[in-house]
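In what follows, chains carry the letters A, B, and so on, assigned in the order in which the sequence lines appear, proteins first and then strands, with residues in each chain numbered from 1. Small disclaimer: the values here were computed from a predicted structure and weren't measured.
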Protein chains: 2
Amino acid sequence: MGLSAPGQVRTRILEAAERLFAAQGYNGTSIQEVAEAVGIRRPTLVYHFGSKDQLRIEVLTGLLSQWQEQLPKVLAASQSGPDRFRSVMESAFAFFRAVPHRARLIAREMLDRPDEMRALFARHLEPYMQLVIDRIRDGQREGHTRRDVDPEAYVVHLMHAAVSVIAMGDATKHVLRDPPSVERQLSELVRLGKAALFLDRPKSGGS
Amino acid sequence: MGLSAPGQVRTRILEAAERLFAAQGYNGTSIQEVAEAVGIRRPTLVYHFGSKDQLRIEVLTGLLSQWQEQLPKVLAASQSGPDRFRSVMESAFAFFRAVPHRARLIAREMLDRPDEMRALFARHLEPYMQLVIDRIRDGQREGHTRRDVDPEAYVVHLMHAAVSVIAMGDATKHVLRDPPSVERQLSELVRLGKAALFLDRPKSGGS
DNA sequence: CCTACCGATCGGTAGG
DNA sequence: CCTACCGATCGGTAGG
């Protein structure tokens with residue numbers, strides 16, 4: 001009896017590797033550890049993936065593909081304006097928070113192999129980011145979005161902020177006397193993003 | 001003749017280690033590499049620091065001490081309000097941008113050893129962060145700062161954002177058709193921070 | 001600050 | 001999917 005659900009061996013290896021690489025880093029994880037977590041011998045793992053580096057690449061493209069698959073659903077939420085913004089942001093956070101090590105692995109790879117990650121982002125995410133950017137420019141023309149927003153920098157900022165709050169939140173969580181929970185941290189991020197994007201308007205519909 | 005300026009050997013080891021740990025990570029760097037960069041033999045390095053882990057600890061406390069030393073100067077900039085905000089932010093960015101690998105090392109350690117980093121932050125930075133938080137609350141009472149700001153979460157957000165833009169900016173830099181430079185990214189961060197903190201006011205002094 | 005040496009672990013291969 | 005084996009490198013010690 002194995003240590004996790006049966007499934008395909010390749011899939012179980014990928015899951016274990018994703019978890020361990022996220023927790024300890026690629027250099028901090030031996031393929032021996034991954035094999036043990038799956039319940040197989042090391043040469044068997046190498047037989048399936050060829051090399052440790054190839055395993056890393058397959059883990060990463062799998063993760064980016066999931067992301068790419070979820071993004072359209074997230075962006076299709078509703079029409080426009082502040083409420084849509086909130087729902088889009090919260091769906092995006094939910095995606096990362098559901099499996100927190102995803103954000104961790106992304107952050108690690110951005111540090112270790114920035115060029116490779118840039119290429120992966122360009123392939124998997126660029127169209128969607130560009131779509132958001134175009135919407136912001138539309139909003140600026142139509143007058144309900146601040147004109148001083150730098151759309152490219154704004155979108156990149158939100159992505160950085162979301163990834164790092166979830167990936168590195170543990171390190172800053174209890175620094176303060178009244179430490180903000182991840183919940184508070186994320187809802188402040190939503191507030192911050194809205195305040196910086198939309199023009200002030202009266203609280204309720206009247207006027 | 002060594003590979004870098006003479007100085008104390010210990011100091012040269014610390015500098016090389018800081019640079020290499022930041023670039024390749026702690027697990028991705030051998031003490032052999034550090035020794036070679038300094039121009040000494042590995043056992044000599046071990047003689048000076050006892051162990052690789054002790055070297056890491058001394059690199060990190062050194063870095064946090066520098067940070068702690070600079071922060072009061074940064075915060076003493078001017079009195080209050082949006083202009084002070086801008087100058088404080090820009091001084092903080094300048095500190096990291098001057099030696100970009102500092103932010104990288106901080107980000108790596110937040111991922112690898114969150115508990116240890118939390119303790120270091122608490123010791124070296126907590127008083128200053130708390131000071132900023134108290135100022136935000138003052139501003140809220142006095143009415144020139146938004147009441148919906150969550151001061152703790154806001155401050156933590158800015159720290160996360162600054163560290164990750166500088167540390168991981170390379171990975172997101174050229175994703176878009178019109179990639180924002182680090183400059184644009186940082187000035188958007190200043191704009192975002194101000195828009196989310198202060199109430200809207202007329203552009204020029206007249207009313 | 002060095003040379004010489006240590007056991008342990010690394011990723012990967014041979015061969016079945 | 002396994003056992004048996006490989007050379008290379010790891011952090012650290014002995015002893016001077």
Side-chain angles (χ1 to χ4, degrees), chain A residues 1-63 105 108-109 111-113 116, chain B residues 1-63 105 108-109 111-113 116:
Chain A
M1 186 118 77
L3 293 169
S4 54
Q8 285 284 23
V9 187
R10 273 185 61 94
T11 309
R12 287 196 289 148
I13 295 173
L14 284 169
E15 287 168 356
E18 181 177 310
R19 186 167 39 84
L20 289 167
F21 288 165
Q24 312 173 343
Y26 176 76
N27 285 321
T29 305
S30 64
I31 53 175
Q32 173 74 19
E33 287 179 88
V34 178
E36 274 171 16
V38 175
I40 59 174
R41 305 291 174 178
R42 178 168 34 84
T44 304
L45 189 154
V46 176
Y47 162 78
H48 280 293
F49 288 90
S51 72
K52 186 187 181 185
D53 197 61
Q54 190 57 36
L55 173 60
R56 177 184 64 77
I57 290 169
E58 299 204 24
V59 166
L60 230 95
T61 53
L63 195 149
L105 187 53
R108 285 189 185 281
E109 290 297 315
L111 287 166
D112 285 341
R113 279 162 285 271
E116 201 181 311
Chain B
M1 186 120 75
L3 294 170
S4 54
Q8 286 283 25
V9 188
R10 273 185 60 95
T11 309
R12 287 196 288 147
I13 295 173
L14 285 169
E15 286 169 356
E18 180 176 309
R19 186 167 38 82
L20 289 167
F21 288 166
Q24 313 173 342
Y26 176 76
N27 285 321
T29 304
S30 64
I31 54 176
Q32 173 74 18
E33 287 178 89
V34 179
E36 275 171 16
V38 176
I40 57 174
R41 305 291 177 177
R42 180 168 35 85
T44 305
L45 189 154
V46 176
Y47 162 78
H48 279 294
F49 289 90
S51 73
K52 187 186 181 187
D53 197 61
Q54 190 57 36
L55 173 59
R56 178 184 64 76
I57 290 168
E58 299 204 24
V59 166
L60 246 137
T61 53
L63 196 148
L105 188 52
R108 285 189 184 282
E109 290 296 316
L111 286 166
D112 285 341
R113 279 163 285 271
E116 201 180 312

Evaluation steps, side-chain contact (heavy atoms from CB on, under 4.5 Å), between A:Glu58 and A:His48:
CA-CA 11 Å; A:Glu58 299 204 24; A:His48 280 293; over 6 Å; no
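- Sequence order on DNA chain C of the closest nucleotides to B:Arg10 and B:Arg42 puts B:Arg10 first from the 5' end.
- Of the residues in residues 43-58 of chain B, those lying under 4.0 Å from DNA chain D by heavy-atom distance are B:Pro43, B:Val46, B:Ser51, B:Lys52.
- Atom CG in B:Leu60 sits 8.0 Å away from atom CZ in B:Arg113 (nearest 0.5 Å).
- Two residues are said to be in side-chain contact when any heavy atoms from C-beta on lie closer than 4.5 Å; B:Ile57 and B:Glu116 meet this criterion.
- Considering CG of B:Asp112 and CG of B:Asn27, their distance stands at 6.5 Å, rounded to 0.5 Å.
- B:Leu20 pairs in a side chain to side chain contact (heavy atoms under 4.5 Å, CB included) with only one of the listed residues (B:Ile31, B:Val59, B:Thr29), which is B:Thr29.
- In this structure, the separation between CD on B:Gln8 and CD1 on B:Ile13 is 10.5 Å, given to the nearest 0.5 Å.
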The test is side-chain contact (heavy atoms from CB on, under 4.5 Å); show your working for B:Thr44 and B:Val9 and say whether it passes.
CA-CA 10 Å; B:Thr44 305; B:Val9 188; 5.5 Å; no
Would you please test A:Tyr26 and A:Arg108 for side-chain contact (heavy atoms from CB on, under 4.5 Å) and show each step?
CA-CA 9 Å; A:Tyr26 176 76; A:Arg108 285 189 185 281; over 6 Å; no
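- A donor-acceptor pair under 3.5 Å is formed between the side chain of A:Glu33 and the backbone N or O of A:Ser30.
- Nucleotide C:dG15 forms a pair with D:dC2, judged by Watson-Crick or G-U wobble geometry with both contacts under 3.5 Å.
- Taking every nucleotide of DNA chain D with any atom under 4.0 Å from a non-hydrogen atom of chain B, the first and last of them, 5' to 3', are D:dC10 to D:dT13.
- Of the residues in residues 21-32 of chain A, not one comes within less than 4.0 Å of DNA chain D through any heavy atom.
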Taking it one step at a time, do B:Leu45 and B:Val38 satisfy side-chain contact (heavy atoms from CB on, under 4.5 Å)?
CA-CA 9 Å; B:Leu45 189 154; B:Val38 176; 6.0 Å; no
